[in-house]
Amino acid sequence: MSTANSLVQQHILECEARLKHIDELMSGLRQGSAEGPVFGDVGARMDRLRAHRDRFAVELEGLKSLPRGEGHQLAGRAERHGRVLEAIGLELEKALAAVIVPGRD
């Protein structure tokens, strides 16, 4: 496997791990909101972030199915996806903190 293809595979695995983390955070937010009202704009932020998450999950599936001939270009795309998913995860962590600790938003 070429270095570029290895990078693509590594970024894809990292993206999949981030998606799993995001799903766990969303589950925690749903549980937290089921136990009480969602504070402030957390519900709206969660909906927006869920839409972003879903879009990037579809794009990640598309990346996984592309031929590996242009490895460097694919590696760059996969890396950008990872950065966006990381940002989504951070926003969800903030939203979860706001639900767990009211007034912290």
Side-chain angles (χ1 to χ4, degrees):
M1 183 181 290
S2 75
T3 303
N5 287 340
S6 295
L7 278 173
V8 170
Q9 188 60 32
Q10 177 185 345
H11 289 308
I12 287 172
L13 291 173
E14 289 172 1
C15 287
E16 288 173 337
R18 286 186 175 114
L19 281 172
K20 182 179 179 187
H21 180 67
I22 288 169
D23 292 341
E24 291 167 353
L25 289 170
M26 286 184 166
S27 176
L29 275 167
R30 279 192 295 277
Q31 276 185 313
S33 63
E35 295 170 5
V38 178
F39 299 100
D41 67 339
V42 172
R45 281 176 31 197
M46 186 173 159
D47 291 341
R48 180 177 45 84
L49 292 170
R50 182 181 297 119
H52 287 303
R53 177 255 179 247
D54 292 346
R55 188 184 81 202
F56 277 93
V58 168
E59 290 182 21
L60 180 61
E61 286 303 313
L63 273 177
K64 287 168 43 177
S65 66
L66 290 174
R68 298 290 188 250
E70 299 176 19
H72 291 290
Q73 189 176 32
L74 286 176
R77 285 180 62 190
E79 183 179 13
R80 283 189 297 280
H81 278 63
R83 286 194 306 260
V84 170
L85 290 170
E86 182 177 16
I88 291 170
L90 291 172
E91 283 297 312
L92 283 167
E93 288 173 358
K94 290 178 192 174
L96 183 59
V99 170
I100 293 172
V101 183
R104 190 178 155 198
D105 192 20

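Heavy atoms only: backbone and side chains are in, while hydrogens, waters and symmetry mates are out.
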Report task. For residues His11 and Val8, determine if any side-chain heavy atom of one lies less than 4.5 Å from a side-chain heavy atom of the other. Result ->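 A side-chain contact under 4.5 Å is absent here.
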
**Report entry** Test item: Leu25 and His21 side chains (from C-beta on) under 4.5 Å apart, heavy atoms
**Finding:**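 Side-chain contact under 4.5 Å: yes.
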
**Report entry** Glu16: partners by side chain to side chain contact (heavy atoms under 4.5 Å, CB included), with sequence neighbours left out
**Finding:** Ile12, Leu13, Leu60, Lys64

Which value, rounded to the nearest 0.5 Å, describes the distance between [X] atom [atom1] and [Y] atom [atom2]?
| X | Y | atom1 | atom2 | answer |
| --- | --- | --- | --- | --- |
| Leu85 | His52 | CG | NE2 | 11.0 Å |
| Leu92 | Leu49 | CG | CG | 4.5 Å |
| Glu24 | Leu19 | CD | CG | 11.0 Å |

Contacts of type salt bridge (charged side-chain N to carboxylate O under 4.0 Å, His left out), residue [X], not counting sequence neighbours:
| X | value |
| --- | --- |
| Arg55 | Glu59 |
| Glu93 | none |
| Glu79 | Arg83 |
| Asp23 | Arg53 |

Query - For Cys15 against Ala78, the heavy-atom pair lying closest together - result: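 Looking at all heavy atoms of both residues, the closest pair is SG-O, 3.6 Å.
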
**Report entry** Test ring pair (Phe, Tyr, Trp, His ring centres under 6.0 Å) applied to His81 - qualifying residues, sequence neighbours left out
**Finding:** Phe56

